[in-house]
2 protein chains.
Amino acid sequence: MADELVRDFLLGFIKLHILYHARKEPIFGQEFKKELKRHGYDISFGTLYPVFHKLERNGYLKVEEKNVRGKIRKYYSITRKGVNALKHSKAKAKELFDELFET
Amino acid sequence: MADELVRDFLLGFIKLHILYHARKEPIFGQEFKKELKRHGYDISFGTLYPVFHKLERNGYLKVEEKNVRGKIRKYYSITRKGVNALKHSKAKAKELFDELFET
DNA sequence: CATGCCGTTATCGGAAAGCGATAATATGAA
DNA sequence: TTCATATTATCGCTTTCCGATAACGGCATG
């Protein structure tokens with residue numbers, strides 16, 4: 001019923017989500033999409049890849065190609081700038097978010 | 001530095017923020033914009049009004065015009081559907097959000 | 001080596017959203 | 001009746017969303 005609201009939230013949230021995961025370990029498109037789907041969120045590659053590209057272009061992620069069983073994967077991992085941005089964004093987002101749960 | 005990430009988050013978050021405030025008391029555009037600004041977020045009317053309109057069109061908000069000191073204001077308050085949507089969306093958003101703060 | 005396979009990434013085109021600038025509206029005051 | 005002002009609405013351009021489709025790249029097989 002409120003699914004459009006949840007989706008809008010996810011779309012704004014997705015970059016933080018990506019940085020969070022890319023901080024823990026390198027991630028790549030196909031796997032990340034499946035991980036989202038496991039949690040019930042379906043994001044198309046037409047949305048996802050451009051987000052990765054932009055995060056890389058802006059220096060939050062760095063990419064490394066790897067040949068895995070004969071196929072090229074692009075593993076994205078977080079940069080120092082990305083770590084700082086994530087930390088800062090988390091703090092700001094938390095401020096906004098906490099207000100929602102005030103009494 | 002990571003302001004674009006925070007802004008993207010805000011844009012996805014804004015509807016929940018609006019519903020939250022419209023649940024506490026009726027809100028109108030100018031005041032709501034100022035309230036955001038006090039918290040450091042600058043959202044243009046070109047963004048804000050269409051969001052209000054869509055939330056109303058979709059039944060999450062209802063609007064009532066009031067003449068205040070000779071000027072027409074459109075006060076938005078939450079509907080029953082909006083309350084349910086807010087509750088549901090908060091829960092889903094919290095799931096996503098909490099993961100960010102896992103150890 | 002040529003060909004096909006397939007996991008993976010990339011892009012296209014139309015629709016929707018974001019947004020600064022500008023216009024429109026409505027009312028009270030002068 | 002005109003003016004000032006608070007408020008809402010819209011325009012046109014840019015960017016994002018996204019399903020569909022294409023492209024890539026290396027391996028296996030003959």
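Only a predicted model underlies this, so the values are computations on that prediction, with no experimental measurement involved. Lettering of chains follows the sequences in order, A, B, ..., and the numbering in each one begins at 1.
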A:Lys74: salt bridge (charged side-chain N to carboxylate O under 4.0 Å, His left out) partners, not counting sequence neighbours
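Checked A:Lys74 against salt bridge (charged side-chain N to carboxylate O under 4.0 Å, His left out); matches are A:Glu65.
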With sequence neighbours left out, what residues match B:Lys62 under salt bridge (charged side-chain N to carboxylate O under 4.0 Å, His left out)?
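B:Lys62 satisfies salt bridge (charged side-chain N to carboxylate O under 4.0 Å, His left out) with no other residue.
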Mind checking A:Lys66 for me? I need base, sugar-phosphate or nothing, with any heavy atom below 4.0 Å counting as a touch.
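The residue A:Lys66 makes no contact with any strand.
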Within the structure shown, what part of the strands sits under 4.0 Å from A:Leu48 by heavy-atom distance: base, sugar-phosphate, or nothing?
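Touches nothing.
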Within the side chain of B:Tyr60, is there an N or O that forms a donor-acceptor pair under 3.5 Å with the backbone of B:Lys81?
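Not at all, since once roles are kept as given, no pair shorter than 3.5 Å links the two residues.
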So, A:Ser89 side chain and A:Ala85 main chain: donor-acceptor pair closer than 3.5 Å or not?
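Present.
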Nearest-Å distance for atom pair [atom1]/[atom2], residues [X] and [N]:
X	N	atom1	atom2	value
A:Lys54	C:dA10	NZ	P	17 Å
B:Phe52	C:dG18	CZ	P	13 Å
B:Leu10	C:dA17	CG	P	17 Å

Residues touching DNA chain C, which here means a heavy atom under 4.0 Å, drawn from residues 12-32 of chain B:
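Residues of residues 12-32 of chain B that come under 4.0 Å of DNA chain C do not exist, since none gets that close.
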Using a 4.0 Å cut-off on heavy atoms, which residues in residues 36-45 of chain B reach DNA chain C? List them by number, or say none.
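Those residues are B:Ser44.
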Min side-chain heavy-atom separation [X]-[Y] under 4.5 Å:
X	Y	result
A:Phe97	B:Phe13	yes
B:Ile14	A:Asp8	no
A:Val83	A:Leu19	no

With salt bridge (charged side-chain N to carboxylate O under 4.0 Å, His left out) as the rule and sequence neighbours excluded, what pairs involving residues 35-55 of chain B come up?
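Listed by first then second residue: B:Lys33-B:Asp42, B:Lys37-B:Asp42.
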Is the positively charged end of A:Lys15 above the ring of B:Phe9, judged by distance under 6.0 angstrom from the centroid and angle within 45° of the axis?
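Relative to the ring axis of B:Phe9, which defines the angle, A:Lys15 lies outside at least one limit.
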Sequence-distant partners of B:Glu64, side-chain hydrogen bond (donor to acceptor under 3.5 Å, both in side chains), two or more places apart:
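B:Glu64 satisfies side-chain hydrogen bond (donor to acceptor under 3.5 Å, both in side chains) with no residue once adjacent residues are dropped.
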Can you name the side-chain hydrogen bond (donor to acceptor under 3.5 Å, both in side chains) partners of B:Lys94, sequence neighbours left out?
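Result, side-chain hydrogen bond (donor to acceptor under 3.5 Å, both in side chains) vs B:Lys94: B:Asp98.
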Heavy atoms of chain A, cut-off under 4.0 Å: which first and last nucleotide of DNA chain D, 5' to 3', fall inside that, if you could look?
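With heavy atoms of chain A under 4.0 Å away, the range is D:dT16 to D:dC27.
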If we ignore angles and hydrogens, is there a donor and acceptor under 3.5 Å between the side chains of A:His21 and B:Glu99?
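Yes.
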For A:Tyr75, which residues count as a ring-ring contact (aromatic ring centres under 6.0 Å, His included) partner, sequence neighbours excluded?
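A:Phe28.
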Listed partners of A:Tyr76 passing ring-ring contact (aromatic ring centres under 6.0 Å, His included), at least two apart
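Testing A:Tyr76 for ring-ring contact (aromatic ring centres under 6.0 Å, His included), a comparison that skips the adjacent residues, returns A:Phe52.
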For the helix from C:dC1-D:dG30 to C:dA30-D:dT1, measure the angle between the helix axis at one end and the axis at the other, each built from five pairs, rounding to 10°.
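Result, rounded to 10 degrees: 20°.
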Whether each nucleotide of nucleotides 23-30 of chain C has a protein heavy atom under 4.0 Å at its base (B), only at its sugar-phosphate (S) or at neither (-) is summarised, 5' to 3', as ---BBS--
Distance-minimising heavy-atom pair for B:Leu61 and B:Ile78
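Nearest pair, atom of B:Leu61 first, then B:Ile78: CD2-CA, 4.0 Å.
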